[in-house]
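Report on the structure given below.
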Protein chains: 2
Amino acid sequence: MKLEKITNKSGRRYDDACGTAHGLELIGERWALLVVRELMFGPKRFGDLRAGLPGLSANVLTQRLEGLEAAGIVQRRKLPPPASVQVYGLTPWGLEAEPIISELGRWAARSPKHDPSLPLSAASMMLSFRTMFDAEEAGDASMVLGFRFGEEAFVVTVAEGELTARRGEADDADVVVTATPEQVAAAVYVDQPMPEGSVAGDAAVFARFASVFALPDKAVIE
Amino acid sequence: MKLEKITNKSGRRYDDACGTAHGLELIGERWALLVVRELMFGPKRFGDLRAGLPGLSANVLTQRLEGLEAAGIVQRRKLPPPASVQVYGLTPWGLEAEPIISELGRWAARSPKHDPSLPLSAASMMLSFRTMFDAEEAGDASMVLGFRFGEEAFVVTVAEGELTARRGEADDADVVVTATPEQVAAAVYVDQPMPEGSVAGDAAVFARFASVFALPDKAVIE
DNA sequence: CGGCATCCGGGAAGATACTG
DNA sequence: CAGTATCTTCCCGGATGCCG
């Protein structure tokens, strides 16, 4: 009694002209936006993506990458020899999805149910700097920090009320932090001390840096 | 040989401290963000929600509303007699999700695959005004428009480079439009003429109004 | 090892019918 | 009108295995 259900090419559409609905068709599937998040600081390999997204299985990651590539958000490239490795990177348009991630993160951080003690990827940590930076509080502070999370290194610059964060080694940093993303989050957002020896250089700079971030107040529901 | 899979109360978490990941747990399920969108201009009844979301079945809507209520995003209220009707409305925090919807919509409108000829709800149309308003283009224009989509009526005001849109009857409007959301979208975004008799009042005002919106350029992928 | 196909169990989404 | 009950379909997540 199978009714032939002529599958209309992809049964699960919203059929809605609204841009938001179309956005959900593009990046609304489970894990999709987090894959984009992981690529926000540059291309990554399949395995490195998995490392930043515990719980995401290989077959689902393959599906998401296929979908994102078909949508024009992700591009697979082959690094030139001698690397000759396949990597996945965002297209310029994909890169412009950052405000979505930021707004969603800023809003959700106010949830009473948000648990900041869970694991955190390096990309999340760096993006949260951009999202939670308080230009007012920073004033005219000027500093360069290096962060090293295992293999991944980042440079964060604060100057003229602006914060920039990018992948890369810090050559002229005031302070270099070698730790886990979770430890940095605890120090910056919950004012916990960093482990011994994890902060190399001017510790006062790191303390000042930590002071220019603040989690938003929790939303009051009733 | 079943391995006891101690189901941790809700098998599908992201286990990620990132605010974005938590946001996806709150409003990342299918349809959830669109339900929030439909409530952006005020509380609605169950059936009216369905009307704005064709394709969403009753049982799924029930699940979404339960989830959103548990998360503190939606509140069910009972209107005072003689209405005595149950409605669903956003909490103050839920209302603050609008930037997420806007950013997602603005970004997705640049997708090469976006099809603006699909059906459109009244709430989507009104939100798109807020999202796509070009203050620069508006200059010092000042006008009041009324929109009527079947039962729903809205007032849109442009003044001092700002646009406001809210539910309500337009008493002092320069022009009142009675049409479908799709027809308005075609007129505003694709410069098509409105049907005969759908624009009551100063037609020049509506023309000027339509000129202060523009769809963003399509993203170039390669 | 990285990338991807395949099989399977569980659960969410979708359609329809039914109830107060 | 506002949901609930039920059934089917499909997606997600885990395991395994193939191939470069």
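Proteins get letters first, then strands, A, B, ... in listed order; numbering begins at 1 in each.
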> Should B/R37 and A/D16 be marked as a salt bridge (charged side-chain N to carboxylate O under 4.0 Å, His left out) after you check the CA-CA gap, both sets of side-chain angles, and the distance that decides it?
Replying inline: CA-CA 12 Å; B/R37 177 195 77 186; A/D16 191 319; 3.0 Å; yes
Whole angstrom is fine here: how far is it from [atom1] in [X] over to [atom2] in [N]?
X     : N      : atom1 : atom2 : answer
B/Q63 : C/dG14 : CD    : C1'   : 11 Å
A/Y14 : C/dA13 : OH    : C1'   : 10 Å
A/E25 : C/dA13 : CD    : P     : 16 Å
A/E66 : D/dC11 : CD    : P     : 13 Å
A/L56 : C/dC4  : CG    : P     : 13 Å
B/Q86 : D/dC1  : CD    : C1'   : 12 Å
B/F46 : C/dG20 : CZ    : C1'   : 14 Å
A/R13 : D/dT9  : CZ    : C1'   : 18 Å

> Within the side chain of A/T91, is there an N or O that forms a donor-acceptor pair under 3.5 Å with the backbone of A/I73?
Replying inline: yes
>> Distance check, rounded to the nearest 0.5 Å: B/E182 atom CD versus B/L118 atom CG?
In response: 9.5 Å
Please tell me which of the listed nucleotides, [options], lies nearest to the side chain of [X]?
X     : options                : value
A/R45 : D/dG13, C/dG2, C/dG14  : C/dG2
A/V60 : D/dG13, C/dT16, C/dA13 : D/dG13
B/A58 : D/dA2, D/dG14, D/dG3   : D/dG3
B/T62 : C/dG14, C/dC4, D/dG3   : D/dG3

>> Once you measure the plane-to-plane angle for A/W93 and B/W107, does it fall in the parallel (<30°), tilted (30-60°) or perpendicular (>60°) bin?
In response: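 The arrangement is parallel - the two ring planes meet at less than 30°.
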> Do the rings of B/F147 and B/F129 sit parallel, tilted or perpendicular, given the 30° and 60° boundaries?
Replying inline: tilted
>> Looking at B/E152 and B/K44, is any side-chain nitrogen of the basic one under 4.0 Å from a carboxylate oxygen of the acidic one?
In response: yes
>> Test side-chain hydrogen bond (donor to acceptor under 3.5 Å, both in side chains) on B/S121 and B/E38; report intermediate values, then the result.
In response: CA-CA 8 Å; B/S121 81; B/E38 287 299 307; 2.6 Å; yes
> Taking only side-chain nitrogens and oxygens of B/W31, does any of them come within less than 4.0 Å of OP1 or OP2 of C/dA12?
Replying inline: no
> Phosphate oxygens OP1/OP2 of C/dG14: is one of them under 4.0 Å from a side-chain N or O of B/R30?
Replying inline: yes
> How is B/R64 classified with respect to the nucleic acid when contacts are heavy atoms under 4.0 Å: base, sugar-phosphate, or nothing?
Replying inline: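 Here B/R64 touches the backbone only, sparing every base.
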>> Dot-bracket, 5' to 3', for DNA chain C please: Watson-Crick or G-U pairs under 3.5 Å, [ ] where pairs cross earlier ones, | where the partner sits on another strand, dots elsewhere.
In response: .|||||||||||||||||||
